[in-house]
2 protein chains.
Amino acid sequence: MSAPGSGIQVRSKIWLEIDGQPVFGQGREELLRLVQKSGSINAAAKAMGITYRKAWTYIDAMEKRLGFPLVNRLKGGSGGGESTLTPHAETLLEKFDILQQGFNEMVNRKFVELDFKGL
Amino acid sequence: MSAPGSGIQVRSKIWLEIDGQPVFGQGREELLRLVQKSGSINAAAKAMGITYRKAWTYIDAMEKRLGFPLVNRLKGGSGGGESTLTPHAETLLEKFDILQQGFNEMVNRKFVELDFKGL
DNA sequence: TTTTGGTTATACCAAAAACGCATAACGGTA
DNA sequence: TACCGTTATGCGTTTTTGGTATAACCAAAA
């Protein structure tokens, strides 16, 4: 058996909830950023390595729980369709990014200080 | 529909992983503390409002992944049996508690500063 | 020696959630 | 009108989770 504590690592996460239901977190942030960048839910899903179905479900759930749209969707057209972020979504991304900044680093620093590896 | 941002709240958590598998977090910390206090996995489960089955599964998974025992278990005997924490478990609880201290408060402060309610 | 009682341990079935494939709807463009 | 790539969704399958029932265990009491 390996030495106690080896390979152990700390992880942390922040997310938003409404009525105890998760509404926004790191994974969904990345998804929205990729939609913003690519103009397509489909392309964003591929970039994340998840199915379109899953990406769509995430976005749909977010919007239903928040009560306002995050993505403007267009079906058909020249490119087959496209998706852009609403101003609400942009604001959300901006604030969440600030909220998250530095937290992981801080946690990791404390983790090392406490010497979890040498339990 | 309600005003945007109303009812929204921030949540955060820290946990330990080995090979990407969760090994220790807030729920499991509480479970171990209750085992410590009551001397029984069964009593701890009841106090947390979960089934013995679930509590046992948590502890078993933690031990398997960590590679060392957290709970000394005794079957049978006068009280039917009993469970106590190993020194490793005590150390783990202590360190994790420090790691977690202040984290939630800090997140909440930043959340208010950013005015998520008024998205 | 036998029974009792409360705990640990596990097998097994049910319910729920996640997953992903298949298919329809859509509308510029050629 | 046919085509193409995207959005949208139904539905069966797989995986995960959960809970109930049951066995194993052993000190002490009967």
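Note that the structure is predicted; figures quoted are calculated from it, not measured. Quick note: numbers below take in every heavy atom, side chains included, and nothing from hydrogens, waters or symmetry partners.
Classification of the B:His88-B:Phe68 ring pair by plane angle, with boundaries at 30° and 60°, yields tilted.
Between B:Gly80 and A:Gly39, the one whose closest nucleotide on DNA chain D sits nearer the 5' end is A:Gly39.
By the ring-ring contact (aromatic ring centres under 6.0 Å, His included) test, A:Tyr58 pairs with no residue at all, sequence neighbours left out.
Between the side chain of B:Lys117 and the backbone N or O of B:Ile8, at least one donor-acceptor pair lies under 3.5 Å.
Spacing between atom CD1 of B:Ile59 and atom C1' of C:dT8 amounts to 11 Å, rounded to whole angstrom units. One atom, CG of A:Leu31, and another, P of D:dT7, lie 11 Å apart when rounded to the nearest Å. Per the geometry, NZ belonging to B:Lys54 stands 8 Å off C1' belonging to D:dT17, to the nearest Å. Atom CG of B:Asn42 and atom P of D:dT20 are 14 Å apart (whole Å).
Separation of atoms OG (A:Ser83) and CG (A:Leu74) is listed at 7.5 Å; rounding is to 0.5 Å.
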Practice prompt. Indicate for each nucleotide in nucleotides 9-14 of chain C, in 5' to 3' sequence, whether protein heavy atoms under 4.0 Å reach the base (B), only the sugar-phosphate (S), or nothing (-).
Written response: BBBB--

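For the pair A:Trp56 and A:Arg73, the minimum side-chain heavy-atom distance is below 4.5 Å. Between B:Gln36 and B:Glu90, the closest side-chain pair of non-hydrogen atoms falls below 4.5 Å.
In the helix from C:dT1-D:dA30 to C:dA30-D:dT1, the terminal helix axes, each the rotation mapping four pairs' C1' atoms onto the next four within five end pairs, subtend 20°, rounded to 10°.
Among the atoms of the strands shown, only primed sugar atoms or phosphate atoms (P, OP1, OP2) are found under 4.0 Å from some heavy atom of A:Gly79.
Between A:Asn104 and A:Ser12, the side chains place a donor N or O and an acceptor N or O closer than 3.5 Å (distance only, hydrogens not considered).
Proximity of B:Thr51 to the phosphate of D:dG19: a side-chain N or O atom is located under 4.0 Å from OP1 or OP2.
Under a hydrophobic clustering in which Ile, Leu, Val, Met, Phe, Trp and Tyr are joined whenever their side-chain heavy atoms come within less than 4.5 Å, directly or via other members, A:Val10 and A:Trp15 fall into different clusters.
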